[in-house]
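Below you'll find the structure, written out as structure tokens, and then a few comments.
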Amino acid sequence: MKISKRVVLTGLAGAATGLSSTAIAQTMSRSKSEHLGKLDEDEVMRVNPRTGTVQKSNIKISEARHRDALATGAREIPPTAVIYKHSGKMYMYDYAAAANNQAAINFESQFDDD
């Protein structure tokens with residue numbers, strides 16, 4: 001019985017695709033979170049409350065704008081704060097301030113330590 005080259009090549013291509021998909025899925029499953037970008041000094045970002053997209057401004061924050069923001073209520077965000085959207089509303093949660101409860105543990109465990 002003779003097997004054509006086309007059948008063999010198709011089978012090998014299918015097997016290679018299956019193996020690469022499995023490898024990609026395994027690699028992705030090792031990570032609990034992904035980096036969307038980086039916020040450098042004097043850069044501004046926001047999460048669009050309607051679409052959920054993360055936007056980064058092309059304009060840097062000046063010292064005067066920073067002072068104005070502080071004067072009108074800007075606050076430092078704790079390094080353990082997370083931002084999330086639920087039922088169409090945006091929330092900020094500081095899981096370290098609420099340490100030793102299940103909600104804090106649940107949020108902290110969603111991210112990779114880097």
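Predicted, not measured: the structure shown is a model, and the values here were computed from it. Side chains included, hydrogens not; waters and symmetry mates left out as well; all remaining heavy atoms used.
With K56 contributing its side chain and K38 its backbone, the two residues share a donor-acceptor pair below 3.5 Å.
The side-chain contact (heavy atoms from CB on, under 4.5 Å) search around K85 returns M90, not counting sequence neighbours.
V47 and G52 get closest at one heavy-atom pair: CG1-O, 3.9 Å.
Under a hydrophobic-cluster definition in which Ile, Leu, Val, Met, Phe, Trp and Tyr are linked whenever side-chain heavy atoms come within less than 4.5 Å, directly or via other members, V54 and L39 are assigned to the same cluster. Residues Y91 and V82 share a single hydrophobic cluster, defined by chaining ILVMFWY side chains whose heavy atoms lie under 4.5 Å apart.
By the neighbour-count criterion of 12 heavy atoms within 6.0 Å, atom CD of Q102 is densely surrounded, having more than that number from other residues, nucleotides or ligands. At most 12 heavy atoms of other shown residues, nucleotides or ligands fall within 6.0 angstrom of atom CZ in R65.
Clustering of Ile, Leu, Val, Met, Phe, Trp and Tyr by side-chain heavy atoms under 4.5 Å joins L70 with none of the others.
Side-chain atoms of T53 and N48 form no donor-acceptor pair, as typed in the model, at a separation below 3.5 Å.
Atom CZ of residue R67 and atom CD1 of residue I61 lie 12.5 Å apart, to the nearest 0.5 angstrom. Atoms CD1 and CD1, on I77 and I83 in that order, are 5.5 Å from each other to the nearest 0.5 Å. Taken from OG in S57 to CE in M45, the straight-line distance is 11.5 Å, to the nearest 0.5 Å.
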